There are 2 protein chains.
Amino acid sequence: MTELRADARRNREELLDVARQVIREQGVDASLRDIARRAGVGIATLYRHFPTRDDLIAAIIGEGIQRLNARAAELAETKPPGEAFEEWLSYMASRIGPYHGLPGAIHDALTTDGSPLGILCADMMDVGDRLLTRAQTDGVIRPDVTWPDIFTAVAAISAIATQSGPDTSTRILDVYLDGLRTNP
Amino acid sequence: MTELRADARRNREELLDVARQVIREQGVDASLRDIARRAGVGIATLYRHFPTRDDLIAAIIGEGIQRLNARAAELAETKPPGEAFEEWLSYMASRIGPYHGLPGAIHDALTTDGSPLGILCADMMDVGDRLLTRAQTDGVIRPDVTWPDIFTAVAAISAIATQSGPDTSTRILDVYLDGLRTNP
DNA sequence: ACCTGAACACCGTTCAAGT
DNA sequence: ACCTGAACACCGTTCAAGT
């Protein structure tokens with residue numbers, strides 16, 4: 001894993017660069033053949049580096065997910081629980097939404113064991129769960145809603161961004177967040 | 001349209017029966033070739049009866065959409081505006097959700113002119129808009145939310161049903177509906 | 001170690017040829 | 001009028017053969 005022959009390393013980088021761009025444009029169901037072609041590499045080479053589509057997606061969004069986790073820690077320290085939780089959800093939506101089909105892929109990955117994408121997102125789920133619990137303990141978020149439900153909801157709502165635009169997605173998320181708050 | 005040769009009529013019925021089942025099982029992206037094969041008909045025959053996938057989907061869910069519109073009229077007469085609106089949204093979600101990919105297809109169809117599915121759903125959009133306006137006039141639903149937004153939200157949330165099950169979808173919809181209500 | 005293209009089994013869509 | 005399969009240009013995935 002860590003030691004790669006020079007040519008292999010170059011191919012891997014090129015594949016990732018191309019895939020990042022193509023997937024941002026066409027979504028997570030983009031043609032793998034097309035990605036290999038644009039990277040100037042045989043289709044089998046793509047499969048050697050990324051045995052499944054899941055592996056490729058995980059490699060592409062890995063960094064973004066880590067940033068998401070870091071942001072959670074940051075918000076937890078600087079903002080009150082309710083604000084931290086809501087801001088983090090909005091941030092998550094803005095990062096995940098633009099990749100067409102990604103929320104669905106993450107959801108599938110989380111319930112498929114051994115999925116690299118699932119493993120990658122497991123930490124994110126823990127982080128979210130903790131932020132939620134803090135906000136619920138603080139009494140600002142309804143105590144009867146679970147984190148898996150909220151994650152599923154925010155994922156589905158963020159997916160709207162690729163169809164109806166980020167503004168629509170944001171407005172809908174705001175209404176949902178309002179429903180999440182305890183009535184004073 | 002109305003006059004079909006006996007064999008053509010039989011083929012059309014068989015295609016619709018098979019398509020209804022296959023699409024319920026596999027979603028709106030199911031293989032058209034597979035549907036034709038199972039219907040015991042050449043692939044070109046499917047295309048002759050339904051020139052686009054859109055036509056086929058519209059033909060399949062047409063009856064369901066009309067039932068949806070009828071239900072709206074019924075609810076408007078028998079229930080107070082807020083209840084009528086919310087019940088209709090839940091009913092819509094329960095009808096649309098189970099078909100994987102249908103909410104997305106409807107959304108695309110509504111913004112593509114000439115789409116048979118879009119034409120079919122246009123009435124439904126009017127009906128929903130009227131129910132919303134009544135509920136807003138009655139003061140029970142937030143006045144600052146538009147019908148297209150609500151439709152998009154409910155469509156996205158109902159789509160959850162095929163991934164996480166109808167119960168999850170229902171719970172999430174409840175939270176969203178809560179966010180839609182005016183705070184007393 | 002790594003790369004490659006051919007191979008296989010699928011698609012969606014169209015079109016000439018059949019009845 | 002209507003039906004049909006072949007044809008074309010694509011997929012995802014695997015595997016034997018190359019360096």
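Note that the coordinates shown come from a computational prediction; the quantities given were computed from them, not determined experimentally.
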Aromatic rings B:Trp147 and B:Phe85: how do their planes relate, parallel, tilted or perpendicular, breaks at 30° and 60°?
-> perpendicular
Can you tell me if A:Thr52 and A:Asp55 form a side-chain donor-acceptor pair at under 3.5 Å?
-> yes
Interatomic distance, A:Ile43 CD1 vs D:dC11 P [rounded to whole Å] | 9 Å
Stepwise, does the side-chain contact (heavy atoms from CB on, under 4.5 Å) test hold for A:Arg142 with A:Arg181?
-> CA-CA 6 Å; A:Arg142 281 167 55 160; A:Arg181 295 186 196 113; over 6 Å; no
Give a yes or no on whether a donor-acceptor pair under 3.5 Å exists between the nucleobase atoms of C:dT13, that is its base, and the side chain of B:Arg33.
-> yes
How would you label the contact of A:Ala8 with the nucleic acid (heavy atoms, under 4.0 Å): base, sugar-phosphate, or nothing?
-> sugar-phosphate
B:Arg5 side chain, from C-beta outward: closest of C:dT4, C:dC2, D:dA1 = D:dA1
Which sits closer to the 5' end of DNA chain D, A:Leu32 or A:Ala44, going by the nucleotide each is nearest to?
-> A:Leu32
Euclidean distance, atom CG of residue A:Asp29 to atom P of D:dT13 [Å, nearest integer] | 11 Å
Separation of D:dG12 atom C1' from A:Arg37 atom CZ, nearest Å, is 12 Å
Distance (rounded to the nearest 0.5 Å) between B:Ile23 CD1 and B:Asp29 CG = 9.0 Å
Taking N and O atoms by type only, does the side chain of B:Arg48 place a donor or acceptor under 3.5 Å from a partner on the base of D:dT4?
-> no
Pick one: which of A:Glu25, A:Arg24, A:Gln26 meets side chain to side chain donor-acceptor pair (under 3.5 Å) with A:Tyr99?
-> A:Arg24
Would you indicate what A:Arg9 reaches in the nucleic acid, counting non-hydrogen atoms under 4.0 angstrom: base, sugar-phosphate, or nothing?
-> nothing
Interatomic distance, A:Gln26 CD vs D:dC10 P [rounded to whole Å] | 13 Å
Distance-only donor-acceptor check, side chains A:Thr45 and A:Asn11, under 3.5 Å = no
From OH of B:Tyr47 across to P of C:dT13 the rounded distance in Å is 3 Å
Starting at CG of A:Leu46 and ending at P of C:dG5, how long is that distance when rounded to a whole Å?
-> 14 Å
Distance (rounded to the nearest 0.5 Å) between B:Leu56 CG and B:Ile60 CD1 | 4.5 Å
Nearest whole angstrom, please: distance from the P of C:dC3 to the CG of A:Leu4.
-> 9 Å
According to the Watson-Crick and G-U wobble definition with distances under 3.5 Å, which dot-bracket string, read 5' to 3', encodes DNA chain D, using [ ] for crossing pairs and | for pairs with another strand?
-> ||.|||||...|||||.||
With sugar-phosphate meaning primed atoms plus P, OP1 and OP2, does B:Ser31 contact a base, only sugar-phosphate, or nothing at under 4.0 Å between heavy atoms?
-> sugar-phosphate
For C:dC3, does OP1 or OP2 lie under 4.0 Å from any side-chain N or O of A:His49?
-> yes
Look up atom OH in A:Tyr91 and atom CG in A:Leu75, then write down how far apart they are to the nearest 0.5 Å.
-> 9.5 Å
Nucleotide C:dC2, atom C1' - distance to CG of A:Asn11 in whole Å | 9 Å
Give one of base, sugar-phosphate or nothing for B:Ala30, where a contact means two heavy atoms less than 4.0 Å apart.
-> sugar-phosphate
Testing C:dC11, C:dC3, C:dT4 for proximity to the side chain of A:Val41, the answer is C:dT4
